[in-house]
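Just so we're on the same page: letters track the sequence lines, and every chain starts at 1. Atoms considered below: every heavy atom in the structure, side chains included; atoms not considered: hydrogens, waters and symmetry mates.
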Number of protein chains: 2
Amino acid sequence: MAIRKDGQNSFSRTTLADVARESGFSPSTISIVLNEAPISRYVAAKTKEHIREVAKRLDYRPDAFGRSLRKRRSHTIGVMIFDISDPFCTLILQGIEKSLHSTEFLPFIVDAHNQREQFERYLAMLLEYRVEGLIVVANWLFIDIETLSELERHRVPTVLVGSEMRSGPLGSVLVNNEQGGYLALQHLHSLGHRKIAFIRGPRQLWDSSRRWDGVLRFAAEVGLKMPKKWVVELTGSSESNSSFDEGRSLTSTMLQNDAGFTALLAFDDLTAFGAVRALRDFGRSVPEDCSVLGFDDVPHAALFNPSLSTVRQPMERMGSIAVGRILNEIQQGGEVAPGKGRVDLLPPELVQRESTGAIHPTSKILARKIGKI
Amino acid sequence: MAIRKDGQNSFSRTTLADVARESGFSPSTISIVLNEAPISRYVAAKTKEHIREVAKRLDYRPDAFGRSLRKRRSHTIGVMIFDISDPFCTLILQGIEKSLHSTEFLPFIVDAHNQREQFERYLAMLLEYRVEGLIVVANWLFIDIETLSELERHRVPTVLVGSEMRSGPLGSVLVNNEQGGYLALQHLHSLGHRKIAFIRGPRQLWDSSRRWDGVLRFAAEVGLKMPKKWVVELTGSSESNSSFDEGRSLTSTMLQNDAGFTALLAFDDLTAFGAVRALRDFGRSVPEDCSVLGFDDVPHAALFNPSLSTVRQPMERMGSIAVGRILNEIQQGGEVAPGKGRVDLLPPELVQRESTGAIHPTSKILARKIGKI
DNA sequence: TTGTATGCGTTATCAC
DNA sequence: GTGATAACGCATACAA
């Protein structure tokens, strides 16, 4: 670190001692006054005023390191995300941020870029910074079970958002995927669709399987047939936008094999966007020739063309609930609280927009097209 | 903070002293060895090994607060953003993160949610945490000049990304908006368009005016007429997705007044999405009946339907350049470096996709539509 | 080759 | 009402 000509280290600022010297009072008094500690009741009003004035004039700012060292509290909550460019994470993050605003805590956000190595490095750093709680935002990707269960070893209250660990004491907050899958298929079915194509999520992903369970449950209830040719599966590469590309190519393939389906249920919104693109490339319009339903309700789903019908995850709420749970655990002093290991399953919500419609409105479409010409 | 039954504060961990006690060496030796300080050359290999073994066994982690206090360095770079849900910010953030990975610095990210009050609160906190540099990511919104110029007062090297201050010593990194505006109109003009509608950015926004200057320069060069009825302006509310809504309603209005334009140049991608929606509502298809050109190239522009032609800002590069500049300034010891106050203007790049096309291919469209029917 | 002493900026406890 | 002192965890100059 460079030393400046005036002999001051460029890191140094005005400290309590400076304020003390300048005001003529002792550092302890300054501290007491500026922090409005209980004892400050006994400090003369004039003194207080003077001290505050001097502090302001010198632009004094308490040093977080000195303070945290002394108080043995960091006042930070670590927030680990795996891909900040994933719009899914983004809304959860907002929920977290907003909930933290009203507290004494500052979020310490790091982005592991879907890389295990980064995850571990950042985790270590967060622990060195003595975060008092940890929120892990798992978009539907990876970092395997072992890595996550590592989290339990550290004594920091931790909660997982957007994903569920099949076992282990780690609490989690996520949407009810099973119910979401059920709702999704129910929606298409209620619109009259019987020939439905499916792009399900990666099999190895627990949450994806749960969602699929919901689909299967509804299919069983109404006796829907799901021919193999119309059921495909994402592989789940961790590159961003990959599910768009996969959705597009899987849909293309299905269309070439047997284009007879009238609706398509995608694993998530990005996949749905890809499917819409493939359908259009194939000369099919959405929803007239084929309905498409997504999952998540990312911010752009409503802007898309056609606007995307989807199953909404209450992402912002998931974030704020996670914060609530962490604060709770912190207050309990890091003890294994009764609610620890609990799983909060939030209800999904079907959002109908333009990309899904009743089956066979072909005549109407023809009419409109001719009219336009 | 709760005290545990074993009398330990739940904040406490194993410290250097613990490792010292356990290994039989003194704290200083431990510190020297674990940090691989130069002097550690003189420490016996066996000693080193032993110390490292014990440290690992006790799961020792250096305390960032103790260390930073002593070394008077925080090893953090503050990153202030104004809306994390803005995809524009997202890519810049990624650029910042990636560039920081290879350094000793940790990004400390905060989101001011477009609120001045939050901005100030977070700024104060970042300063308390003694960030060694500050990167401000300004999506095209606000926090007025005074607020930003406040930044100069603090002795922290600061660089602004994505926006430019008209004056003041604050360095900035952004796209060449003037050139971008020029390129945009040039593109539409080269496709044969002469009747062009414009949705320009908020007038009070400096960067927006620069972009508009570029548009005007090209228009002047080729003698393009820009009737007032086809030039509208965003107001620039700070709500997210607002430019979609505004783009949509402004376009609707123009269409109702005089729908004779064959192309539309939007201030940014979100506005363009809104314009496309309005056109579609009006029964116009893009690009057949009207070309639409965006600005930014947000991640979803390519996924959109039709995929959006746009002027790309090199957002990730902007982030990494900002990091480079900050690191530079830090190395110079916070001195007013020669490059300070400099403005890096990065070249924009035209990305042609589906939403723009040559004028009057009407016959082709008719043919296709009839064929499909 | 290793240990001792000191101080970073803060706050809590106690003494005056 | 206010001030002196110690301690938080660490790294370093210096002593041994």
Whole Å only: how far is the NZ atom of A:K46 from the P atom of D:dT2? 10 Å
Counting neighbours of CD on B:E49 that are heavy atoms of other residues, nucleotides or ligands and sit closer than 6.0 Å, is the number greater than 12? no
To the nearest angstrom, how far is A:F65 atom CZ from C:dT11 atom C1'? 17 Å
With sugar-phosphate meaning primed atoms plus P, OP1 and OP2, does A:R61 contact a base, only sugar-phosphate, or nothing at under 4.0 Å between heavy atoms? sugar-phosphate
Send over the distance from B:R13 CZ to D:dC10 C1', rounded to a whole Å. 16 Å
When B:I77, B:I330, B:L127, B:L123 are each screened for side chain to side chain contact (heavy atoms under 4.5 Å, CB included) with B:V156, the one that passes is B:L127
Are OP1 or OP2 of C:dG3 and a side-chain N or O of B:S26 less than 4.0 angstrom apart? yes
Roughly how many Å is it from CG in A:L58 to P in C:dG9, rounded to a whole number? 15 Å
Below 4.0 Å: OP1/OP2 of D:dC8 and any side-chain N or O of A:S68: no
Would you mind building the protein contact string for nucleotides 11-16 of chain D? One character per nucleotide, 5' to 3', B for base within reach (heavy atoms under 4.0 Å), S for sugar-phosphate only, - for untouched. BB----
To the nearest Å, how far apart are A:D63 CG and D:dG9 C1'? 14 Å
Do A:T29 and A:S26 meet the criterion of a side-chain donor-acceptor pair at a distance under 3.5 Å? yes
Grab the CZ-C1' distance between A:F25 and C:dT10 for me, whole Å please. 20 Å
Separation between CD1 (B:I30) and CG (B:D18), nearest 0.5 Å, reads 10.5 Å
Hey, can you tell me if B:Y122 and A:H101 have their rings parallel, tilted or perpendicular (30° and 60° cut-offs)? tilted
Between CZ of A:R73 and P of D:dA7 the distance, given in whole Å, is 23 Å
Is it the case that over 12 heavy atoms from other parts of the model lie below 6.0 angstrom from the CD atom of B:E104? yes
May I have the distance from A:L34 (atom CG) to C:dT11 (atom C1'), rounded to whole angstrom? 12 Å
Testing D:dG9, C:dT2, D:dG1 for proximity to the side chain of B:T15, the answer is D:dG9
Heavy-atom nearest pair, B:D63 first then A:R130, reads OD2-NE, 3.2 Å
